[in-house]
Amino acid sequence: MKTSSARLTGLGTTIFAEMSALALRTGAVNLGQGFPDTDGPAEVVEVAVDALRGGRNQYPPGTGVPELRHAIAAHQKRFYGLDVDPDSEVGVTTGATEAIASAVLGLVDPGDEVIVLEPYYDSYVAVIQMAGGVRRPVTLRAPDFRLPVDELRAAVSPRTTAILLNSPHNPTGTVLRREELAAIAEVAVEHDLVVISDEVYEHLTFDGIPHIPITTLPGMAERTLTISSGGKSFSFTGWKIGWATGPAELVRAMIGAKQFLTYTSGSPLQPAIAHALGADDAYFDEFRAQLQSQRDLLCDGLAAIGFEVYVPEGTYFATTDITPLGFDDGVEFCRSLPERAGVVAIPHQVFYDHVDVGRPLVRWAFCKQPKVIEEALERLSVLTPTGP
């Protein structure tokens, strides 16, 4: 009896599920999976409750409820000056992960090559493989994780059809600068490539560094599908309300695949996220400032313990090199860390084709309450430059 298809070969269980299960089993502080330990705004929850009680519990439109599509279009205009048609250029999905999967399935044919920035979020590998595409990584390297433009150009071949972009970048925390985005845009225009741009951390950039959607650059609006979600911006990761915006033909391709996955979901949650997107500037400023404070708390603490810390410019995550503490393999380190110190983190190397580049790197989530971060740091203090 056949028990698995070839398209799942090598994928296994996601590292996030493995490490979160390890945290539960050992009682470790979970600085692994990127979800906050506090809920988002109470008023947004109340909108969802009203929708539940108001009978909005059946299938919504496959492209999303009208008020959410309009709110997404208004958000793109408000923050980036983009004119988006809510009826033809917006599609709502079951989280950004489904938007990415649907975009790849809808736009990539077997044998097509897709350029990705390495290290990459693990679902990218899975969906490219499921679509029959071929992954072409371009590696961001420590300590600064900047885009190697020459390597980007060298990665393009006659079979390249798409770039799967991520900025702010998970797991490194890099926020691509305008000149880096311009280089990507130049390559995309020159080779007539589609860009699928994962921007879920768009509101989580620090130290005054701006997020710049690549679709705002010359020649990119007609070839870019921009993906985001309410989970990261409003701390409702379990609601799984995501979306994509872009040219009508690209949105149709994504929805064409998405309709045969979930078709639709989250009926009473969609109007709540529509409400959240209309939050005033103070919400976004305060949320960003709080996360930056938590970033600094974690990074300063990890540095004091002896890790080499690469302070992120955005996202929920900080990266460290574990070699100053006498370790050289991130997977081995992370699997043993709950027993060593009662903390869970995520090894970088599972996000690389070039495994050796990521082997000594570990990702830590700071989207946790300060008291949780402080508890984790206290537990980690048992580590020394030669191990515990």
Side-chain angles (χ1 to χ4, degrees), residues 76 79-82 84 96 99-100 103-104 106-108 112-121 123-125 127-128 131 133-142 144-205 209-228 244-247 249-251 253-254 312-315 351-354 357:
Q76 297 301 89
F79 287 97
Y80 310 121
L82 295 167
V84 175
I100 295 161
V104 172
L107 293 166
V108 175
D112 286 355
E113 295 183 359
V114 181
I115 293 173
V116 291
L117 301 185
E118 180 186 59
Y120 35 68
Y121 186 60
S123 80
Y124 298 178
V125 174
V127 298
I128 293 170
V134 178
R135 187 171 67 253
R136 293 296 182 220
V138 173
T139 308
L140 309 182
R141 292 179 171 83
D144 55 3
F145 300 109
R146 300 315 326 170
L147 177 72
V149 175
D150 290 345
E151 292 180 32
L152 172 70
R153 292 189 172 281
V156 181
S157 83
R159 302 198 70 172
T160 306
T161 62
I163 299 173
L164 179 46
L165 185 63
N166 178 212
S167 179
H169 183 260
N170 175 15
T172 68
T174 290
V175 178
L176 294 178
R177 302 292 198 270
R178 183 174 293 277
E179 58 270 22
E180 293 170 307
L181 294 168
I184 296 168
E186 184 177 325
V187 168
V189 172
E190 179 182 347
H191 296 279
D192 197 24
L193 307 178
V194 169
V195 174
I196 302 167
S197 186
D198 175 359
E199 303 180 15
V200 296
Y201 296 100
E202 60 183 316
H203 290 295
L204 306 184
T205 64
I209 296 170
H211 167 64
I212 304 171
I214 194 168
T215 192
T216 61
L217 273 62
M220 295 308 295
E222 61 266 35
R223 67 181 63 253
T224 302
L225 194 65
T226 302
I227 292 168
S228 193
T245 62
E249 60 271 23
L250 297 186
V251 172
M254 183 207 71
E313 300 171 335
T315 76
F351 306 133
Y352 287 79
D353 286 282
H354 302 98
V357 178

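Just so you know, these numbers come straight off a predicted model, no measurement behind them. For this chain, numbers begin at 1 and follow the sequence in order.
Under the side-chain hydrogen bond (donor to acceptor under 3.5 Å, both in side chains) criterion, Y201 pairs with no residue, sequence neighbours left out. With sequence neighbours excluded, the residues that form a ring-ring contact (aromatic ring centres under 6.0 Å, His included) with F145 are Y310. Partners of T216 according to the side-chain hydrogen bond (donor to acceptor under 3.5 Å, both in side chains) rule, which considers only residues two or more places apart in sequence or in another chain, do not exist here. Considering only residues two or more places apart in sequence or on other chains, H203 meets the ring-ring contact (aromatic ring centres under 6.0 Å, His included) condition with H75, F79, F284. Here F351 pairs with F16 under the ring-ring contact (aromatic ring centres under 6.0 Å, His included) rule; sequence neighbours left out.
Residues D112 and L107 approach most closely at OD2-O, 4.3 Å, considering heavy atoms. For the pair A221 and P247, the tightest heavy-atom approach, listed with the atom from each and the gap, is O-CG, 3.2 Å. P119 and T172 get closest at one heavy-atom pair: CG-CG2, 3.6 Å. Contact detail for L181 and I214: the closest heavy-atom pair is O-CD1, 3.8 Å. Residues Y120 and Y352 approach most closely at OH-C, 3.1 Å, considering heavy atoms. Scanning all heavy atoms of the two residues, the minimum distance from V138 to P148 falls at CG1-CG, 3.7 Å.
Between atom OH of residue Y124 and atom CG of residue N166 there is a gap of 3.5 Å, rounded to the nearest 0.5 Å. Taken to the nearest 0.5 Å, the CZ atom of R135 stands 4.0 Å off from the CG atom of D353. With rounding to the nearest 0.5 angstrom, the CD1 atom of I115 is 5.0 Å from the CD1 atom of I163. Considering NE2 of H211 and OG1 of T205, their distance stands at 8.5 Å, rounded to 0.5 Å. Residue E151 holds its CD atom at 9.0 Å from CG of L140, rounded to the nearest 0.5 Å. Of the inter-residue distances, the one linking D144 atom CG with T174 atom OG1 reads 7.5 Å to the nearest 0.5 angstrom.
Partner of L165 under the side chain to side chain contact (heavy atoms under 4.5 Å, CB included) criterion, chosen from L176, I196, D198, T224: L176. When each of E202, E199, Q76 is tested with S228 by the rule side chain to side chain donor-acceptor pair (under 3.5 Å), just one qualifies, namely E202.
I212 places a side-chain heavy atom less than 4.5 Å from the side chain of L217. Side-chain contact between I184 and L147 is present, with at least one heavy-atom pair separated by less than 4.5 Å.
Applying the side-chain hydrogen bond (donor to acceptor under 3.5 Å, both in side chains) rule to pairs touching residues 175-193 yields R146-E180, R153-E186, R153-E190, R177-E313, D192-R223, sequence neighbours excluded.
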Set out, in order, the CA-CA distance, both residues' side-chain angles and the distance that settles side chain to side chain contact (heavy atoms under 4.5 Å, CB included) for I227 and I100, then state yes or no. CA-CA 7 Å; I227 292 168; I100 295 161; 3.8 Å; yes
Give the C-alpha distance, both sets of side-chain angles, the deciding distance and a yes or no for side chain to side chain contact (heavy atoms under 4.5 Å, CB included) between M220 and V195. CA-CA 8 Å; M220 295 308 295; V195 174; 3.5 Å; yes
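Judged purely by atom type and a 3.5 angstrom limit, S157 uses its side chain to pair as donor or acceptor with the backbone of R159.
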